[in-house]
Amino acid sequence: MATFIVMLGPPGVGKGTQAKILADTLKLAHVSSGDLFRENIKNQTELGKLAKSYLDKGDLVPDDVTINMIRDRLKRPDCEAGAILDGFPRTPTQADVLEEMLAEFKGQVNAVPYITAHEDVLVERASGRWVCRAQGHTYHQKFDPPKQAGICDEDGSELYQREDDKVETVTKRIRVYFEQTMPLVEYYRKAGKIIEIDGKQEVEQVTQDLLSALKK
Ligand code: ADP
Ligand code: ADP
C-alpha cells in the first residue's frame, strides 16, 4: 500500500521545509499545492491565470480546480510509493475527495503531522521568506540566509519574496486557515492520525520530533 503523509499547519509554520526533508528521508514524492499553483502562474497556463487572483488575495483556490490539479499530480509515476502532501487537503471537501482518490491509487493517509506555532512566529517566518525562481528552494533572511543575498545556493537562480508573504496578506491567510482548514484537525484526529509537533523549535529539532513520531 502506498504511503501518504498529510502536513497540516498554518501558513509559515515550516510545512514546506519539513515536507522536503521527509520526502528525501522517506524516499517519497513531495507534492506541494502552493508550488504547483506558483509554477502554473509562472508558466501562464490557464490554471495559473485562474488561480492567480486567489493567491494574490490570500484566498483559497476553489476546490474543484485544486482537486483536479492534485489528481493529475498524484497520477505521475514518482507518486507510486506515496507522497508527502504539503498544502493539500485544506478543506473538508478536499479531504473527502483525497480518501476517494487514494482508494483508487491503492494508498492511504498513514499520518497527519500537525505543526503549530504562535501567530507572531508565523508572521516573522513568512515575511522573511525568500524563494528561488527556478525550483522554489526556500530561505529565510534571518533563520536560513543564502550564502549570497538574493541568489539561490542550490541552482544560482534569483530569489524573490512572495507577493502573498506581505504582513497584511499573511495575516489574512492565517485567518483563512483558521476558518477553512482547522476543521481538518478534528477530521484527522477522529481517524487517530494526528501527530502534534511543536513548530517553534529549530528546523533540526522539528525534523527529529517528526521522524520519531512517524516511526511509532
Ligand atoms: P510553510 O510551508 O508552512 O508556509 P516554510 O517551510 O516555507 O513554511 O517556512 C516558512 C519560512 O520559515 C521559510 O523562510 C523557512 O526558511 C523558515 N523556517 C521554516 N522552519 C523554520 C524553523 N523551524 N525555524 C526558523 N525558521 C524556519
Ligand atoms: P503556505 O505554505 O505558506 O501555507 P502555500 O504555498 O501552501 O502557502 O499556498 C499559497 C496559496 O496557494 C494559498 O494561499 C492558496 O491561495 C493556494 N492554495 C494552496 N493550496 C491550496 C489548497 N489545497 N486549496 C486551495 N488553495 C490552495
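All ligand and atom numbering here is 1-based and tracks the order in the structure. Side chains are part of it too, since the values below use all heavy atoms of this structure and drop only hydrogens, waters and symmetry mates.
- Separating the OH atom in Y54 from the CD1 atom in I41 is a distance of 12.0 Å, to the nearest 0.5 Å.
- Assignment of Q201 to the shell around ligand 1 is supported, since a heavy atom sits closer than 4.0 Å.
- Close approach to R38 involves these atoms of ligand 2, each under 4.0 Å from a residue heavy atom: 6 (O), 10 (C).
- In this structure, D209 and Q205 have side chains that are in contact, with non-hydrogen atoms separated by less than 4.5 Å.
- If you number the atoms of ligand 1 from 1 as listed, the ones under 4.0 Å from a heavy atom of H140 come out as 12 (O), 14 (O), 16 (O).
- Look at A126 and you'll find every heavy atom at least 4.0 Å from all atoms of ligand 1.
- The closest protein non-hydrogen atom to atom 27 (C) of ligand 2 is F37 CE1, 3.6 Å.
- Per-residue contacts place P11 under 4.0 angstrom from the following atoms of ligand 2 (heavy atoms of the residue considered): 3 (O), 4 (O).
- Defined by atom type and a distance below 3.5 Å, a donor-acceptor pair is missing between the side-chain atoms of N43 and T45.
- Counting the atoms of ligand 2 from 1 in the order shown, those under 4.0 Å from a heavy atom of D59 are 15 (C), 16 (O).
- If you number the atoms of ligand 1 from 1 as listed, the ones under 4.0 Å from a heavy atom of G16 come out as 1 (P), 2 (O), 6 (O).
- A heavy-atom separation below 4.0 Å is not found between K57 and ligand 2.
- Counting protein heavy atoms only, atom 14 (O) of ligand 1 is closest to Y139 O, 2.8 Å.
- Note: no N/O pair closer than 3.5 Å links V206 and ligand 1 by distance alone.
- Residue I70 does not touch ligand 2, judged by heavy-atom distances below 4.0 Å.
- The shortest N or O to N or O distance between D35 and ligand 2 is not below 3.5 Å.
- With hydrogens left out, the protein atom closest to atom 21 (C) of ligand 1 is V203 CG2, 3.5 Å, a heavy atom.
- Atom NZ of K200 is surrounded by 12 or fewer heavy atoms from other residues, nucleotides or ligands within 6.0 Å.
- Counting only heavy atoms of the protein, atom 20 (N) of ligand 2 lies nearest to S33 OG, 2.8 Å.
- Of all the heavy atoms of E202, the ones lying under 4.0 Å from any atom of ligand 1 belong exclusively to the backbone.
- Across all non-hydrogen atoms, the minimal contact from C152 to H137 is SG-ND1, 3.5 Å.
- In the vicinity of T66, heavy-atom distances shorter than 4.0 Å reach the ligand 2 atoms 22 (C), 23 (N), 24 (N), 25 (C).
- Of the listed options R90, M7, Q94, R90 places a heavy atom closest to atom 13 (C) of ligand 2.
- More than 12 heavy atoms of other residues, nucleotides or ligands shown are found within 6.0 angstrom of CD on Q180.
- Under a 4.0 Å criterion applied to the non-hydrogen atoms of K15, ligand 2 contributes the atoms 2 (O), 4 (O).
- Ranking the protein heavy atoms by distance from atom 19 (C) of ligand 1 puts T17 OG1, 3.4 Å first.
- Residue contacts with ligand 2: D164 is placed with no nitrogen or oxygen under 3.5 Å of a nitrogen or oxygen of the ligand (distance criterion only).
- When hydrogens are left out, the protein atom nearest atom 3 (O) of ligand 2 is R173 NH2, 2.5 Å; that is the closest non-hydrogen contact.
- For ligand 2, the polar-atom distance check against V61 finds a nitrogen or oxygen pair separated by under 3.5 Å.
- Here the protein heavy atom with the shortest distance to atom 8 (O) of ligand 2 is R162 NH2, 3.2 Å.
- Contacts between R129 and ligand 2, counted as non-hydrogen atom pairs separated by less than 4.0 Å, involve the side chain only.
- Of the protein's heavy atoms, R125 CD, 4.0 Å lies nearest to atom 18 (N) of ligand 1.
- Each of V31 and V131 belongs to its own hydrophobic cluster when Ile, Leu, Val, Met, Phe, Trp and Tyr are linked at side-chain heavy-atom distances under 4.5 angstrom.
- Checking M7, K15, Q18, E196 one by one against P113, the side-chain contact (heavy atoms from CB on, under 4.5 Å) holds for a single residue, M7.
- Close approach of ligand 2 to G87 is summarised as follows: ligand atoms under 4.0 Å from at least one heavy atom of the residue are 20 (N), 21 (C), 22 (C), 23 (N).
- Neither the backbone nor the side chain of W130 comes within 4.0 Å of ligand 1, counting heavy atoms alone.
- Taking only nitrogen or oxygen atoms, main chain and side chain alike, D86 does not reach within less than 3.5 Å of ligand 2.
- Each of the atoms 25 (C), 26 (N) of ligand 1 lies under 4.0 Å from some heavy atom of F143.
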